[in-house]
Amino acid sequence: MESETPQVEQRAQSRGRAGRVLVGALLLSAAGWWVVYLAGVRWWIGDVLLNGSVHLGVLLAACSLVRLAAVRSWGSVGVAVVCLSVLLMCMNGRRVLPTGVDAEDPNTGYISVVGMNLKMSNDDPEGLMRLLESLDDDVVVLIEPQWDVFDRLKDSDDRLDRYPHRVVRRRDGMGVSPMLILSRWEVVRDESVDPWLGLSVVILRPESLGGSFRLVGLYAHSPRTPERWNLGNRVVDELIARLVALNHRDNLPLLIVGDLNAGPMTGRDRALRGTLGVQRTSWVLGPKSTFPAKMSMFGLLIDDIWVNDSVEGVSWSTFVIPGSDHRGVRAGLMVD
């Protein structure tokens, strides 16, 4: 018995050291996140680091709760509160869990919207066309379509009879990439929105189905360099200012669909949500991502659909786009 006592004490000491290391790592990670979050809007690298903020928030919360269950003490409660503060901030403006709706009921105002970054260097245009021809959604936003696909769609040289109404943004140098909006309903373009900011249209859905709404196709430049980060931020800021003016004019339900090249909690995402009052239709506890396409889970959620309080997101999913390095997003929405 005497010989076993030192071994028991050593194991207890080892567990104590491991516990202190875990606590230190959790507190340092949470403190680091808050520093990056507060400075990220003006700091290029910090804003890029925030792309993984939601995954980090969930991980910190889970680890702190496991420790709280194992070690019931006021210290563990304090650690859990600090770590949960990160998750709670990441949940700000987002649904925690998915909801549901009877999409078969014609009186619900339910619509299906798709957003896809097709990649201009797409290496499977025929597979891509087959995917587009199989779609049964109401509105589709295509970002950076490959040239052959773009030419066929803009000239309606295809079998996409479901989408007779189309709006085109042509490429303009290296700063403006092509974009297309396909709709089953008539579309009126917002001419006051400069094409370099995106494509803003009013979808003239019949009043019997719920009436018109505004849909915006968005592509913000990727933050590969400080210059591109600033350019993408400028696109987002100026587009927000334009949409605020349009909202004051007609107060239509608003959908923003596209590739923000920034995940939840980054400066661009916070600007959209804070100024326009929109929220992502993806849910905060969902592990799915959109980039890179091979990482269907726990990658970066840079493609999404944002809606204002006149629209309820009731479903959200991703899917494979042939030849693209992004995954597509599909949202079921109730547009009032």
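- Here the closest heavy-atom approach between residue S76 and residue V71 is recorded as OG-O, 2.7 Å.
- The shortest non-hydrogen separation linking Y110 to G332 is OH-CA, 3.4 Å.
- Just one of R169, R170, M179 meets the side chain to side chain contact (heavy atoms under 4.5 Å, CB included) condition when paired with P195; it is R169.
- A single hydrophobic cluster is seen to contain both L22 and V82, as judged by linkage of ILVMFWY side chains at heavy-atom distances under 4.5 Å, directly or through other members.
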Item to check | Full working for side-chain contact (heavy atoms from CB on, under 4.5 Å) between I256 and L243 | outcome: CA-CA 10 Å; I256 301 175; L243 293 178; 4.1 Å; yes

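- For D136 and R162, the salt-bridge test passes: some basic side-chain N is under 4.0 Å from an acidic carboxylate O.
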Checklist entry - Given L276 and N308, is the side-chain contact (heavy atoms from CB on, under 4.5 Å) satisfied, shown in steps? => result CA-CA 7 Å; L276 294 176; N308 68 2; over 6 Å; no

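- Heavy atoms only, all atoms of each residue included: P178 and M120 are closest at CD-SD, 3.6 Å.
- S183 and V139 get closest at one heavy-atom pair: OG-CG2, 4.2 Å.
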Checklist entry - Between L218 and L260, does a side-chain contact (heavy atoms from CB on, under 4.5 Å) hold up when you go through it step by step? => result CA-CA 7 Å; L218 168 65; L260 189 62; 3.8 Å; yes

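- Not one N or O on the side chain of S310 forms a donor-acceptor pair closer than 3.5 Å with the backbone of P253.
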Side-chain donor-acceptor pairs under 3.5 Å in residues 128-135, sequence neighbours left out?
from : atom 1 : to   : atom 2 : distance (Å)
E133 : OE1    : R159 : NH2    : 3.0
S134 : OG     : L131 : O      : 2.6

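- Atoms OG and CG, on S324 and D123 in that order, are 9.5 Å from each other to the nearest 0.5 Å.
- Screening residues 279-292 for salt bridge (charged side-chain N to carboxylate O under 4.0 Å, His left out) gives D269-R280, R280-D304 as the qualifying pairs, with residues at least two apart or on separate chains.
- Between R228 and N261, every side-chain heavy-atom pair lies at or beyond the 4.5 Å cut-off.
- With side-chain heavy atoms closer than 4.5 Å counting as contact, directly or through intermediates, the hydrophobic cluster containing L300 also holds F291, I302.
- In terms of heavy-atom proximity, G217 sits nearest to V141 at CA-CG1, 4.0 Å.
- The closest side-chain heavy-atom distance from L118 to E144 is not below 4.5 Å.
- Residues L160 and V140 have side chains not in contact (no heavy-atom distance under 4.5 Å, counting atoms from C-beta outward).
- S222 and R224 are linked by a side-chain donor-acceptor pair at a separation below 3.5 angstrom, with hydrogens and angles left out of the test.
- To the nearest 0.5 angstrom, D138 atom CG is 7.0 Å from Y163 atom OH.
- Side chain of H55 to main chain of P287: no donor-acceptor pair is present (N/O by atom type, distance under 3.5 Å, no hydrogens or angles).
- In this structure, N122 and V149 have side chains that are not in contact, with every pair of non-hydrogen atoms separated by 4.5 Å or more.
- Residues V329 and V335 share a hydrophobic cluster, clusters being chains of Ile/Leu/Val/Met/Phe/Trp/Tyr side chains in contact below 4.5 Å.
- Among pairs with a residue in residues 208-217, those fulfilling salt bridge (charged side-chain N to carboxylate O under 4.0 Å, His left out) read D190-R214, R214-D250, at least two apart in sequence or across chains.
- We find the CG-CD distance between D124 and E126 to be 8.0 Å, quoted to the nearest 0.5 Å.
- Between R268 and V235 the shortest side-chain heavy-atom distance does not fall below 4.5 Å.
- To the nearest 0.5 Å, atoms CG (L204) and CH2 (W185) are separated by 11.0 Å.
- Of all heavy-atom pairs spanning S53 and C90, the tightest one is O-SG, 3.5 Å.
- Annotation: salt bridge (Lys or Arg N to Asp or Glu O under 4.0 Å) contacts of R67 (sequence neighbours excluded): none.
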Checklist entry - Would R205 and I111 satisfy side-chain contact (heavy atoms from CB on, under 4.5 Å), going step by step from the backbone distance to the final call? => result CA-CA 10 Å; R205 186 177 54 158; I111 65 170; 3.6 Å; yes

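- One N or O on the side chain of R189 and one on the backbone of V168 form a donor-acceptor pair closer than 3.5 Å.
- Side chain of N230 to backbone of E227: no donor-acceptor contact under 3.5 angstrom is found.
- Residues V311 and F213 have side chains not in contact (no heavy-atom distance under 4.5 Å, counting atoms from C-beta outward).
- Note on V58: it clusters hydrophobically with M91, by side-chain heavy-atom contacts below 4.5 Å among ILVMFWY residues.
- Of the options D309, V278, V307, a side chain to side chain contact (heavy atoms under 4.5 Å, CB included) to L254 is made by V278 and by none of the others.
- Atom CG of L252 and atom OG of S212 lie 6.5 Å apart (nearest 0.5 Å).
- Side chains of R234 and D237 form no contact here, defined as non-hydrogen atoms less than 4.5 Å apart.
- The residues D137 and R184 are annotated as not salt-bridged, no charged nitrogen and carboxylate oxygen being separated by less than 4.0 angstrom.
- Atom-to-atom distance recorded for F319:CZ and R327:CZ is 9.0 Å, nearest 0.5 angstrom.
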For residues 30-46, please give each side-chain donor-acceptor pair under 3.5 Å, one per line with the distance, not counting sequence neighbours.
from : atom 1 : to   : atom 2 : distance (Å)
W34  : NE1    : S85  : OG     : 3.2
W44  : NE1    : P223 : O      : 3.0

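- Cluster membership for L215 and L180, using ILVMFWY side-chain heavy atoms within less than 4.5 angstrom, is not shared.
- Residues Y219 and V176 are not in side-chain contact: their nearest non-hydrogen atoms beyond the backbone lie 4.5 Å or more apart.
- No single ILVMFWY cluster, assembled from side-chain heavy atoms under 4.5 Å apart, contains both L68 and V23.
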